[in-house]
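The residues of the chain are indexed from 1 along the displayed sequence.
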Amino acid sequence: MRLKLTTHDISRRHILLGAAALAACPGVSLAGRSSAVDLDWKDLRPLPARGFSTGNAVNHSSIPSRDYSDPRAYMVEKKFNGMLVRLPGFLVPLQFDGTGGTEFLLVPFVGACIHVPPPPPNQLVHAISTKPYEMEGLFEPVYAVGILNTVLAETELADTSYVMAVQKFEEVTFD
């Protein structure tokens, strides 16, 4: 599925309706889940099968206009679809007003998407929150907790292979 997300095309209401529909699907249970599955960025990159062939990895006609030389950049790990997950990263705001932001890119390292070329789409998450989150600074480290899904989305800064309906952002503490 490929989706170009703009403020004109999709609203938070659409995201919430999609999450509600997913929760209503047979075989998907979010109600009994007491805690999120902790993920690392490497978990979002599936390991290629032996004898990897780019022809089997991706439908080249669905690749957006941004050029990534390695088609594995679009390979996703679908086993986390619809799951409540917790992923560490740094926030880059896509939508922000006086009360905080509701749309962010969750990136794996400081500087991604602004100071350096963006990471591959399967290493970026379009994080959408229903409650505004007030950042303390650009590239704030957080744990994003929410429902993860594989959706190819284009944002102003980068393409993403994942979208997260964020339930909360947790503070990262350094000892």
Contact check, side chains of [X] and [Y], non-hydrogen atoms, under 4.5 Å:
| X | Y | answer |
| --- | --- | --- |
| Phe80 | Leu39 | yes |
| Pro93 | Met135 | yes |
| Leu87 | Val125 | yes |

- request: Without swapping roles, check the side chain of Gln123 against the backbone of Trp41 for a donor-acceptor pair under 3.5 Å.
  value: yes
message: Looking at Met75, is its backbone amide N or carbonyl O close enough to the side chain of Asn122 to form a donor-acceptor pair, meaning the two atoms are under 3.5 Å apart?
response: yes
Least distance between heavy atoms, [X] atom then [Y] atom:
| X | Y | value |
| --- | --- | --- |
| Ala36 | Val85 | CB-C, 3.6 Å |
| Leu124 | Asp159 | CD1-O, 3.3 Å |
| Thr150 | Asn81 | N-OD1, 2.7 Å |
| Pro88 | Tyr143 | CB-CE2, 3.6 Å |

task: Go through Leu106 and Val142 one step at a time and tell me if the side-chain contact (heavy atoms from CB on, under 4.5 Å) criterion holds.
output: CA-CA 9 Å; Leu106 185 65; Val142 297; 4.1 Å; yes
From [X] atom [atom1] to [Y] atom [atom2], the distance as rounded to the nearest 0.5 Å:
| X | Y | atom1 | atom2 | value |
| --- | --- | --- | --- | --- |
| Ser161 | Arg45 | OG | CZ | 12.5 Å |
| Ile147 | Ile128 | CD1 | CD1 | 13.5 Å |
| Met83 | Asn149 | CE | CG | 11.5 Å |
| Thr155 | Leu94 | OG1 | CG | 5.0 Å |

Sequence neighbours left out, cut at 3.5 Å: what donor-acceptor pairs do the side chains of residues 162-171 make with other protein atoms?
residue	atom	partner	partner atom	Å
Tyr162	OH	Leu44	O	2.7
Tyr162	OH	Glu77	N	2.8
Lys168	NZ	Glu170	OE2	3.2
Glu170	OE1	Arg86	NE	2.7
Glu170	OE1	Arg86	NH2	3.2

field: Results of side-chain hydrogen bond (donor to acceptor under 3.5 Å, both in side chains) for Tyr133 - residues two or more places apart only
entry: Glu140
